[in-house]
A.B. asks: 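Dropping the structure in here first, questions after.
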There are 2 protein chains.
Amino acid sequence: MLVDDHRMLREGLRRSLEDEGFDVLGEAADGLEAVRMAAELRPEVILMDVTMPEMDGVEAVRRIHEECPEIRVVMLTMHADADVLAQAIRAGAAGYLVKDCSTDEIADAVRMAANGDTALSPQLASTMLEELRRLNAPPETEEDRLVTKREEEVLQLIADGCSTPEVAAKLYISQKTVKNHLASVYQKLDARDRTQAVLMAVRMGIVRLD
Amino acid sequence: MLVDDHRMLREGLRRSLEDEGFDVLGEAADGLEAVRMAAELRPEVILMDVTMPEMDGVEAVRRIHEECPEIRVVMLTMHADADVLAQAIRAGAAGYLVKDCSTDEIADAVRMAANGDTALSPQLASTMLEELRRLNAPPETEEDRLVTKREEEVLQLIADGCSTPEVAAKLYISQKTVKNHLASVYQKLDARDRTQAVLMAVRMGIVRLD
DNA sequence: GTGGAATTGGGCCGATCGACCCATTGAACG
DNA sequence: CGTTCAATGGGTCGATCGGCCCAATTCCAC
């Protein structure tokens, strides 16, 4: 079964796969449709795009895997994104391919998935390794951090809307210490007030913006 | 000739077009390659993706149109973006299709382009109309703005790193007026200081973060 | 075990901020 | 012609901010 919001890509894939001898039972254009269709058609393998309207591919995989664990879902994506890859694997995806691969590779991936193997684009193998390295070696990120953990906590609370005394209360420290941390941040981020410091931190991805 | 950075899509397109009776002279994976290959192969029509590495589709169209004005270039895109559409048309594109269309529609577009007609996805016809309406009726956006023009200017300058006296100097108004505008913004955006106001404005897309 | 960095905290002071009053002008709308 | 609202500005006042001086503790690395 094919799931992608672009009919052009679905039709191209269907031709390629049918030429390879596969039966394409159905096509869906978004995640919701995919979940319904998967429960009805019970295909052996689903090729599913990650980015789709209504429901993205990752959530669709999660639901399909809950309802029909025997269906093998191979994800398709435009870019080798480690985060999405990790989410998809956790959601129960059986494979992950970047769209820039040949029809032969796709056919191979579908066969592997049908046999219970996990198919992964070669581009993603290296991405996976980097991801594992990152997860297994957190101290290294500790080294080159610009602001310290505490300074980051202060920044995040300021970004969340806290005033100096509120930050102090939440961290169980004095207002003076909060101001000291901020002063340190101003130097490091080349900011002259908390507004600029928080904006820089947002730009650098140090703090999140709910 | 086909230009897209995803081999999967190129192969699917090639199959579909060849089944329709077209000759595909060549495939390119990025803009630079496309410009070189177009000058060499001199195809009648080029189907080109907008988003590509090395050189995007719009710039590639511009160069191809300069060197070989007789080549008709039909743009392909994932989303109906009016800005990109306008840029592509100015760059000399002969057509513009969203990828979510059938192979029949693509074949029709190629035939129309070859005949010197301009092909446009039906989805884009409405987008074009909206674009025209937007350009011809700018006052409507003035109505439902949360913050006023002046307040927005103040917010942007604060986000750019200006202090109150600096904002006043740049806008040729007094510091007091700047503070008045800010006080008004605090109410409207439910913020209690400039930091929160700017963050809210960023979240709402009112100000940009260079 | 010594040195550096992080975290904590103090005081002081001038500058700035935000809240709360207020007034005037001009443009827009009915 | 009156009303509304944006934009301009004034003043005051307490709270906060940021810079600059300082020091104690802890913890990690070399």
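Note on naming: letters A, B, ... go to the chains in the order of the sequence lines (proteins, then strands), and numbering restarts at 1 for each one. A quick note: this is a predicted structure, and the numbers were derived from the prediction, not measured.
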A.B. asks: With distance as the sole test, does A:Gln196 use its side chain to make a donor-acceptor pair with the main-chain N or O of B:Ile158 at under 3.5 Å?
C.D. replies: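 Such a contact is found between A:Gln196 side chain and B:Ile158 backbone.
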
A.B. asks: Think B:Thr148 has a side-chain N or O under 4.0 angstrom from the OP1 or OP2 of D:dA6?
C.D. replies: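 Answer no for this pair, as no side-chain N or O of B:Thr148 is under 4.0 Å from OP1 or OP2.
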
A.B. asks: Mind calculating the distance between CD (B:Glu152) and P (D:dA6) to the nearest angstrom?
C.D. replies: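 It is 14 Å, rounded to the nearest whole Å.
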
A.B. asks: Could you tell me how far apart A:Arg150 (CZ) and C:dA5 (P) are, to the nearest whole angstrom?
C.D. replies: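 That distance rounds to 20 Å.
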
A.B. asks: For DNA chain C, which residues of residues 155-174 of chain A approach it to below 4.0 angstrom with any heavy atom?
C.D. replies: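 Contacts with DNA chain C under 4.0 Å: A:Ile173, A:Ser174.
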
A.B. asks: Which letter, B, S or -, goes with each nucleotide of nucleotides 19-24 of chain D from 5' to 3', with contact meaning a protein heavy atom under 4.0 Å?
C.D. replies: BB----

A.B. asks: Looking just at side-chain N and O atoms, do A:Arg194 and A:Thr164 make a donor-acceptor pair shorter than 3.5 Å?
C.D. replies: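 Yes, because at least one side-chain N or O of A:Arg194 sits under 3.5 Å from a partner of the opposite role on A:Thr164.
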
A.B. asks: End-to-end bend of the helix from C:dG1-D:dC30 to C:dG30-D:dC1 (five-pair axes, 10° rounding)?
C.D. replies: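 Taking the rotation axis at each end, their angle is 60°.
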
A.B. asks: Does a nitrogen or oxygen in the side chain of B:His181 sit under 4.0 Å from OP1 or OP2 of D:dA6?
C.D. replies: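 Indeed not, no polar side-chain atom of B:His181 lies that close.
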
A.B. asks: B:Leu182 CG to C:dC20 P: how many Å, rounded?
C.D. replies: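 These atoms are roughly 16 Å apart.
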
A.B. asks: Would you say A:Ile46 and A:Arg72 make side-chain contact, with heavy atoms under 4.5 Å?
C.D. replies: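 No, too far: nothing below the 4.5 Å cut-off.
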
A.B. asks: Distance check, rounded to the nearest 0.5 Å: A:Asp30 atom CG versus A:Met37 atom CE?
C.D. replies: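 Going from the CG atom of A:Asp30 to the CE atom of A:Met37 covers 9.0 Å.
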
A.B. asks: Test your reading of the model: is there a side-chain donor-acceptor pair from A:Ser16 to the backbone of A:Gly12, 3.5 Å cut-off?
C.D. replies: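 A pair under 3.5 Å: yes.
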
A.B. asks: Between B:Arg7 and B:Glu27, does any NZ, NE, NH1 or NH2 come within less than 4.0 Å of an OD or OE carboxylate oxygen?
C.D. replies: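 Salt bridge flag = no for B:Arg7 with B:Glu27.
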
A.B. asks: Taking B:Arg203 for its side chain and B:Val198 for its backbone only, find out whether a donor-acceptor pair lies under 3.5 Å.
C.D. replies: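 Such a contact is absent between B:Arg203 side chain and B:Val198 backbone.
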
A.B. asks: So, does A:Thr177 get its side chain near the phosphate of C:dG9, meaning an N or O under 4.0 Å from OP1 or OP2?
C.D. replies: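 Yes.
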
A.B. asks: By nearest nucleotide on DNA chain D, pick out whichever of B:Gln175 and B:Glu151 is the more 5' one.
C.D. replies: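 So the residue in question is B:Glu151.
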
A.B. asks: Determine whether B:Val50 and B:Leu76 make a side-chain contact, defined as any pair of heavy atoms from C-beta on separated by less than 4.5 Å.
C.D. replies: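 No, side chains not in contact.
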
A.B. asks: Inspect the contact between A:Glu151 and A:Lys188 and indicate whether a charged nitrogen and a carboxylate oxygen are less than 4.0 angstrom apart.
C.D. replies: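 The answer is yes: the pair qualifies as a salt bridge.
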
